[in-house]
Amino acid sequence: MSEERHLDARGKGELSYDYVHDVLIFKIKDRDYKMSVEFQNFAIDIDSEDFVTGIRIFDVSKVSGLKRIVFKNLIHGEFKASIKDKIISVRLNIVGKLRNKIMPIF
């Protein structure tokens with residue numbers, strides 16, 4: 001059984017949303033990209049030390065069931081991810097604003 005490891009990258013993350021293509025992007029700055037794992041509407045980026053360093057969610061409004069405008073007004077986001085026994089686990093926390101009301105999205 002492999003040991004579960006975590007990368008502490010607080011303060012080094014970037015969150016963006018491509019409104020035209022409906023893609024939500026999380027990424028950690030200054031990591032050496034190695035590969036991506038793609039499945040359904042997700043792409044997970046792995047670095048040279050085998051940490052998850054980025055996540056892209058394609059058609060995020062369809063995946064989440066929320067309108068694009070919610071993602072256009074993001075104010076905070078973070079993700080926690082790990083790889084253990086070749087299983088990738090990801091937890092997303094996203095906060096947006098809709099009609100000047102702050103709301104958790106994921």
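Numbers here are sequence positions counted from 1.
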Heavy-atom side-chain proximity of [X] to [Y] below 4.5 angstrom:
{"X": "Val23", "Y": "Val60", "value": "no"}
{"X": "Leu24", "Y": "Leu15", "value": "yes"}
{"X": "Ile57", "Y": "Leu92", "value": "yes"}

Aromatic ring pairing Phe79/Phe26, orientation class (parallel under 30°, perpendicular over 60°, tilted between): perpendicular
Scan the side chains in residues 40-47 for donor-acceptor partners under 3.5 Å anywhere in the protein, sequence neighbours excluded, and list what turns up.
unit_1 : atom_1 : unit_2 : atom_2 : d
Asn41  : ND2    : Phe58  : O      : 3.0
Asp45  : OD1    : Ser36  : OG     : 2.6
Asp45  : OD1    : Arg56  : NH2    : 3.2
Asp47  : OD1    : Glu49  : N      : 3.0
Asp47  : OD1    : Asp50  : N      : 3.0
Asp47  : OD1    : Phe51  : N      : 2.8
Asp47  : OD2    : Arg31  : NE     : 2.8
Asp47  : OD2    : Arg31  : NH2    : 2.5

Check the hydrophobic clustering (I, L, V, M, F, W, Y; side-chain heavy atoms under 4.5 Å; chains of links allowed) and say if [X] and [Y] are grouped together.
{"X": "Ile88", "Y": "Val63", "answer": "yes"}
{"X": "Val52", "Y": "Phe39", "answer": "yes"}
{"X": "Ile94", "Y": "Leu66", "answer": "yes"}

Sidechain-backbone polar pair: Asp22 side chain, Ser61 backbone, donor-acceptor under 3.5 Å: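 Checked: pair present.
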Short side-chain to backbone donor-acceptor contact, Asp18 and His21, under 3.5 Å: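 Checked: pair present.
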Evaluation steps, side-chain contact (heavy atoms from CB on, under 4.5 Å), between Val90 and Ile55: CA-CA 9 Å; Val90 177; Ile55 300 167; 3.2 Å; yes
Partners meeting side chain to side chain donor-acceptor pair (under 3.5 Å) with Asn73 (sequence neighbours left out): none
Residues which pass side chain to side chain donor-acceptor pair (under 3.5 Å) with Glu78, listed by chain and number, not counting sequence neighbours: Asn93
Check against side-chain contact (heavy atoms from CB on, under 4.5 Å), Tyr33 and Ser48: CA-CA 6 Å; Tyr33 172 82; Ser48 59; over 6 Å; no
Shortest non-hydrogen contact from Tyr17 toward Lys72: CD2-N, 3.7 Å
NZ on Lys29 to NZ on Lys12, rounded to 0.5 Å: 9.5 Å
